[in-house]
**Q** 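Take this structure, written in structure tokens, and hold onto it; I'll ask about it next.
Letters go in sequence order (proteins before strands), and every chain restarts at 1.
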Amino acid sequence: MAAPPEHLRAKTVADLTRWLEREVGPRLRKETEAIAHGGTALTLLGIKDSTKDVDLAFRSREAFDGFVSALGSLGFSRAADFRANPREVFHRLQNPASIVDVVDLRFPTWNNWRLSKAVLRRAVILPLSRVRLVRPDRDAVFLFKTYPLRETDVDDLRTILAVDPPDEARVLELFEDQDAIHRSELSVATAHEPLFNILELRVRFAASLQLLGPSWRRKIPRIARHAGQRLADLHLGHSLAKLIRILRTADFVSWDEVLSGDFEPLRARLAKEPSRRAGPKGRKIDGRELQRRRPSP
Amino acid sequence: MKHEIALGLLSTATYGTHTTTELVRASGHSPTTVVRYLNELEDRGWMERIPAERPGVGRPPILRRPTDAGLAYLREAELGWFRKVSGNGVRILWGPVRALAFWGVPFMGRPDIFADRPIEAGPFPVLVERSLMFYEDAVEAEDGRFPALESLVAWAAKSGNPRHVGAAAILLRDPRLRVGRLVERSERMRTRNRVGFLAALSGGNLGFRPSPSKEKMLDTTVPVEPETEALARRWRVDNPISATLVKDMERLYGRSP
């Protein structure tokens, strides 16, 4: 067989950081923070390979627009706008002539994850010209990977467990931090429904742990137990298997329908629920302590 | 300076962004050895430091990364290693990261190799593929040998890695694919049903018929669309990947390279 007409080279992290530093950075008007997500974050951590698209998130509209504009000046054009989450802006930009040819940009969150102080505490910021590339730590990436429930994300979770297992206490601390952020919004006026964010967070966390399979769950028993408990606390009246099927196969998850319309009691209960922690300095919380902290029905 | 240790550090720093502490951890060598080698690599102009930052408290970490000269040296050294390990009667081809890129589905990551038996391959992770037919009709390029397109598709369909399975679905629509050879490879590598299922899932028809024995695609079950479930039953494939994943991959890489 003849050799392929075009020899494409596998891309490396060095290609990505050089591209950001030499091509994107000089085209930005000011220093811009870009947070690596998804497969890109895993590849930056050296944990596994990823598809060719580069995933970046932005915390401010100004940073997002500045980055889009810099890519535009490099010949990138918008390929598609996905809106899996109505509150997130998601642009895919492409330029087949560039070494990094597909870039996915999201603002202000990525799959609903809030980039809180706790999430970024162990991140590393790489100054690459005017790009400040934020590489989250392994535990934050592990938690982020529990959201999408795609085959590839479940596979990534397994790879993290095999290559560099997460710190269970920190993953639980980060999960509770996100949960507390959403619950704190239940009692204030918001444009979105925080209850749905809590449902997405807890159900997807438990679903990912379920999809990992028993032998992998045994490697992170505290996380697995906690995920199951946080889901059970919701009293949704549906099996996890059914919820996984809905989340995996529905184009849009209607939580109104899942909750049969009446979600005020759940809303009120969650608004009063005290924050849980993974224990001071990562101390293990046993079942009895969890029981004691749970509010009475 | 031991070539293997230097190459290992250069390789780790190229395929990830690592602080000095992380490089020590990843290399498995003592901090003294790693720092000595990093300094030596820096003196030769192959590695440089970037002062990084942390949002939290703590000393700012130093990141180590290859210079352009370091990258050029690494690429030469990798090719040298590839030729060296190919020379002992072992069948060696570039692994999925480079091979999928070669055939039009590039990934970002560390290069690996296929070998017909377990071997010590320096900086490369090794994927053992014992079927000798897999190594037939390999394509010789300037930078090493790559599996034939049909071999790669047959392998990817049984790899168990959802991204590689998705890549196989894309490559199945490649006009360079020789269906006769693919049928033969799929039979011999016992992946006929998986290849047939993937072709059907991406809207193609290879003229295959399913064989009676069941084949498993992924390690565990992940719920898929009812139509995909029915298709997998028809092709006698357990734990199939979803049509959604194939569509996502097609959206990213195009329907055919």
Side-chain angles (χ1 to χ4, degrees), chain A residues 1-18 39-40 43-54 79-80 92 100-102 117 120-128 132-135 149-152 154-155 158 164 211-213 216 241 244-245 247-249, chain B residues 12-19 22 26 50-56 61 63 65-66 71 96-98 100-111 137 139-143 148-149 161-163 165-166 176 178 218-220 222-226 241-242 244-245 248-249 251-253 257:
Chain A
M1 170 175 280
E6 183 186 28
H7 186 187
L8 294 158
R9 190 163 62 80
K11 295 156 201 321
T12 67
V13 165
D15 291 327
L16 169 61
T17 53
R18 276 170 166 65
T40 303
T43 311
L44 288 173
L45 288 165
I47 292 177
K48 74 171 295 181
D49 58 349
S50 66
T51 43
K52 66 173 180 173
D53 52 321
V54 170
R92 169 165 287 178
V100 172
D101 56 347
V102 182
K117 273 188 182 173
L120 295 179
R121 198 174 63 231
R122 291 193 192 164
V124 171
I125 302 168
L126 286 73
L128 301 165
R132 289 169 58 78
L133 180 65
V134 180
R135 187 203 72 179
L149 304 180
R150 293 171 303 198
E151 298 90 317
T152 44
V154 177
D155 189 60
R158 289 189 186 131
D164 192 9
L211 291 175
L212 274 178
W216 292 99
I244 291 174
R245 186 158 285 280
L247 288 167
R248 285 256 320 148
T249 56
Chain B
T12 307
T14 300
Y15 302 115
T17 50
H18 297 290
T19 63
E22 288 165 348
I50 311 183
E53 297 162 34
R54 276 194 200 282
L63 264 107
R65 69 169 185 184
L71 273 179
V97 170
R98 284 201 172 168
L100 286 168
F102 183 79
W103 287 110
V105 187
F107 279 73
M108 190 183 288
R110 190 183 191 123
D137 308 301
V139 179
E140 188 80 48
E142 266 179 33
D143 50 352
L149 177 58
N161 178 326
R163 286 190 181 90
V165 178
R176 295 167 293 184
R178 294 184 179 187
L218 301 178
D219 289 339
T220 53
V222 178
V224 294
E225 310 83 3
I241 62 162
S242 62
T244 310
L245 176 61
D248 280 353
M249 294 280 287
R251 216 161 25 194
L252 183 58
Y253 289 102

**Q** What part of B:L252 gets within 4.5 angstrom of chain A, counting heavy atoms only: side chain, backbone, both, or neither?
**A**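 For B:L252, heavy atoms of backbone and side chain both lie under 4.5 Å from chain A.
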
**Q** Is B:L218 close to chain A through its backbone or its side chain, or both, or neither, when contacts mean heavy atoms under 4.5 Å?
**A** side chain

**Q** Would a distance-only check, ignoring hydrogens and angles, find a side-chain to backbone donor-acceptor pair under 3.5 Å from B:R176 to B:L149?
**A**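 It does not hold such a pair.
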
**Q** Need one label for B:V224: side chain, backbone, both or neither, based on atoms under 4.5 Å from any heavy atom in chain A.
**A** both

**Q** Less than 4.5 Å to any heavy atom of chain A: does that hold for the side chain of B:E142, its backbone, both, or neither?
**A** neither

**Q** With sequence neighbours excluded, what pairs up with B:F107 under the ring-ring contact (aromatic ring centres under 6.0 Å, His included) test?
**A**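 ring-ring contact (aromatic ring centres under 6.0 Å, His included) list for B:F107, sorted by chain: B:H164.
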
**Q** Got B:W103 and B:V139 here, is their nearest side-chain heavy-atom distance under 4.5 Å?
**A** yes

**Q** So for A:V134, is it side chain, backbone, both, or neither that comes closer than 4.5 Å to the heavy atoms of chain B?
**A**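 Neither part, no heavy atoms under 4.5 Å.
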
**Q** Measuring only between side-chain heavy atoms, which start at C-beta, is B:R65 closer than 4.5 Å to B:T17?
**A**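 Sidechains of B:T17 and B:R65: no contact.
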
**Q** Between the side chains of A:D155 and A:T152, does any donor sit under 3.5 Å from an acceptor?
**A** no

**Q** So which part of A:L120 gets closer than 4.5 Å to some heavy atom of chain B, the side chain, the backbone, both or neither?
**A**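 Backbone plus side chain of A:L120, per the 4.5 Å heavy-atom cut-off to chain B.
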
**Q** Let me confirm one number: the OH-CG distance from B:Y15 to A:D15, rounded to the nearest 0.5 Å.
**A** 9.0 Å

**Q** Under 4.5 Å from any heavy atom of chain A, what part of B:T244 do you find: side chain, backbone, both or neither?
**A**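 Neither; nothing under 4.5 Å.
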
**Q** Scan B:R54, B:E53, B:H18 and name whichever one has a side-chain contact (heavy atoms from CB on, under 4.5 Å) with A:V124.
**A**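 Passing option: B:R54.
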
**Q** Between B:R110 (side chain) and A:D49 (backbone), is there a donor-acceptor pair under 3.5 Å?
**A**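 No.
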
**Q** For the interface with chain A, which of B:L63, B:T19, B:I50, B:V222 has the highest count of heavy-atom pairs at distances below 4.5 Å?
**A** B:V222

**Q** Can you tell which part of A:D164 gets under 4.5 Å to a heavy atom of chain B, answering side chain, backbone, both or neither?
**A** side chain

**Q** Is B:P51 close to chain A through its backbone or its side chain, or both, or neither, when contacts mean heavy atoms under 4.5 Å?
**A**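 The backbone, not the side chain.
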
**Q** What residue in B:P111, B:G109, B:P223 has the most heavy-atom pairs under 4.5 Å with chain A?
**A** B:P223

**Q** Look at A:R248, A:K48, A:R132, A:R150 and state which one has the largest set of heavy-atom pairs under 4.5 Å with chain B.
**A**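 Top count of heavy-atom pairs under 4.5 Å with chain B: A:R248.
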
**Q** Is it the side chain or the backbone of A:I47 that comes within 4.5 Å of chain B heavy atoms, both, or neither?
**A**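 For A:I47, no heavy atom lies under 4.5 Å from chain B.
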
**Q** Does any heavy atom of chain A fall under 4.5 Å from the side chain of B:T12, the backbone, both, or neither of them?
**A**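 Answer is neither: B:T12 stays 4.5 Å or more from chain A.
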
**Q** What residue in B:E22, B:M108, B:E225 has the most heavy-atom pairs under 4.5 Å with chain A?
**A** B:M108

**Q** What residues form a side-chain hydrogen bond (donor to acceptor under 3.5 Å, both in side chains) with A:T51, not counting sequence neighbours?
**A**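 Expected list: A:D53.
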
**Q** Supply the atom-to-atom distance B:T220 OG1 to A:E151 CD, rounded to the nearest 0.5 angstrom.
**A** 9.5 Å

**Q** Under a 4.5 Å heavy-atom cut-off, does chain A meet the side chain of B:P55, its backbone, both or neither?
**A** both

